Amino acid sequence: MGTDETTPPREYRMTELAEAAGITVRTLRYYRERKLIPPPRREGRVAWYDDRHLARLRTIAALLERGHTLGGIAELIAAFEGGRGVAEILGLGGAIAAPWSRETLVRLAPEELADHFADQATPENLAASLDIGYLAVDGEELVHVSSRLLDVSRRLVREGVPLPAILAAGREIRAHADALAATFTAIVREHLLPDDVPPSPEAVEHVQRTLDRLRPLARTVVEAEVALAMDRRVRADVESWLDDGVTPR
DNA sequence: ATTCTTACA
DNA sequence: TGTAAGGA
């Protein structure tokens, strides 16, 4: 029926945009001075804003609502527009790209993120996801570094697990995974590589190929051990539950 | 006369 | 952040 909201390519002048966003014209100009919104299209004297500006203002309002400072918001926005700066702002440096190079990147429009995680797609969770390295920013798009981890996160959220809990678990598992990787590489280094390591291109390639060849074995070991550990864990929990007659933990 | 900016509080 | 004054 009448669900035909004709809104797409509209343009606003200052007063219209301010009213639509629920702020004063003075505030709008202030945001623009602080680079919180992009410059409007100038037609002589008049400034024309579009829906992107309105969306940005809504974002700013939401962030302010959650207690963020204008300065912090400005940093985030600058990072988004820079496309590469978020990791630096959060103090992660280049820790995002390299370790995940073999994973499948998933490009996400911001709307898709809300689509996947519904009300859990909050700025806090977004920041946490950036911090842990699950998400990176590329221009106006978000990039998830692992299609598999994204899928698991999505399913867990649908099952009712809060996203902050998932991200916290991700950090924990990341630390354990680092330790496992250290164990595997130590074994390779000690037993499968020559003692003296002359820094030749051939040697580097040999190391790479050796690690690639053993990677599936490491994965199998971890899978099997986790399966066994899960069995032990569940058994232990159930036993203590029966003994105490009380739900553990 | 309208639309914005500047400047000051 | 409001508002008065002034440029285009």
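As a basis for the values below, the full set of heavy atoms in this structure was taken, side chains included, without hydrogen atoms, waters or symmetry mates. The sequence lines fix the lettering, A, B, ..., with proteins before strands; numbering per chain opens at 1. If you're wondering where the values come from, they're calculated on a predicted model, not measured in any experiment.
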Original post:
Which nucleotide, B/dC4, C/dG7, B/dC8, lies nearest any side-chain atom of A/Arg45?
Top reply: C/dG7
Subject >> Nucleotide nearest A/Val46 (side chain, heavy atoms from C-beta), chosen from B/dC4, C/dG7, C/dT1 >> reply: B/dC4
Subject >> Between CD1 on residue A/Ile37 and CG on residue A/Leu28, distance to nearest 0.5 Å >> reply: 4.5 Å
Subject >> Between C1' of B/dC4 and CD of A/Glu33, the distance in whole Å >> reply: 12 Å
Original post:
Roughly, in whole Å, what's the span from CZ in A/Arg32 to C1' in C/dT1?
Top reply: 16 Å
**OP:** Look at A/Arg174 together with A/Asp178 and state whether they make a salt bridge at an N to O cut-off of under 4.0 Å.
**Re:** no
Original post:
Which whole-number value in Å describes the distance from A/Ile23 CD1 to C/dG2 P?
Top reply: 11 Å
Original post:
Just wondering, more than 12 heavy atoms not from A/Glu33 lying within 6.0 Å of its CD?
Top reply: yes
Original post:
Using purine N1 to pyrimidine N3 plus N6-O4 or O6-N4 for Watson-Crick, or N1-O2 and O6-N3 for G-U wobble, each under 3.5 Å, what pairs with B/dT2?
Top reply: C/dA8
Original post:
Roughly, in whole Å, what's the span from OH in A/Tyr30 to C1' in B/dT5?
Top reply: 16 Å
Original post:
Whole-Å distance between B/dT3 C1' and A/Glu11 CD?
Top reply: 16 Å
Subject >> Rounded distance (Å) that lies between atom C1' of B/dC4 and atom CG of A/Leu28 >> reply: 11 Å
Original post:
Is the closest side-chain heavy-atom distance between A/Glu16 and A/Arg13 below 4.5 Å?
Top reply: yes
Subject >> Side-chain N,O (A/Arg29) to OP1/OP2 (B/dT3) below 4.0 Å >> reply: no
Subject >> Distance, rounded to the nearest Å, where A/Tyr31 contributes OH and B/dT5 contributes P >> reply: 17 Å
Subject >> Interatomic distance where CH2 belongs to A/Trp48 and C1' belongs to B/dC4 [whole Å] >> reply: 14 Å
**OP:** Indicate, with a heavy-atom threshold strictly under 4.0 Å, whether A/Arg13 touches base, sugar-phosphate, or nothing.
**Re:** sugar-phosphate
Original post:
Checking all strands, does A/Thr24 fall into the base, sugar-phosphate, or nothing category for heavy-atom contacts under 4.0 angstrom?
Top reply: sugar-phosphate
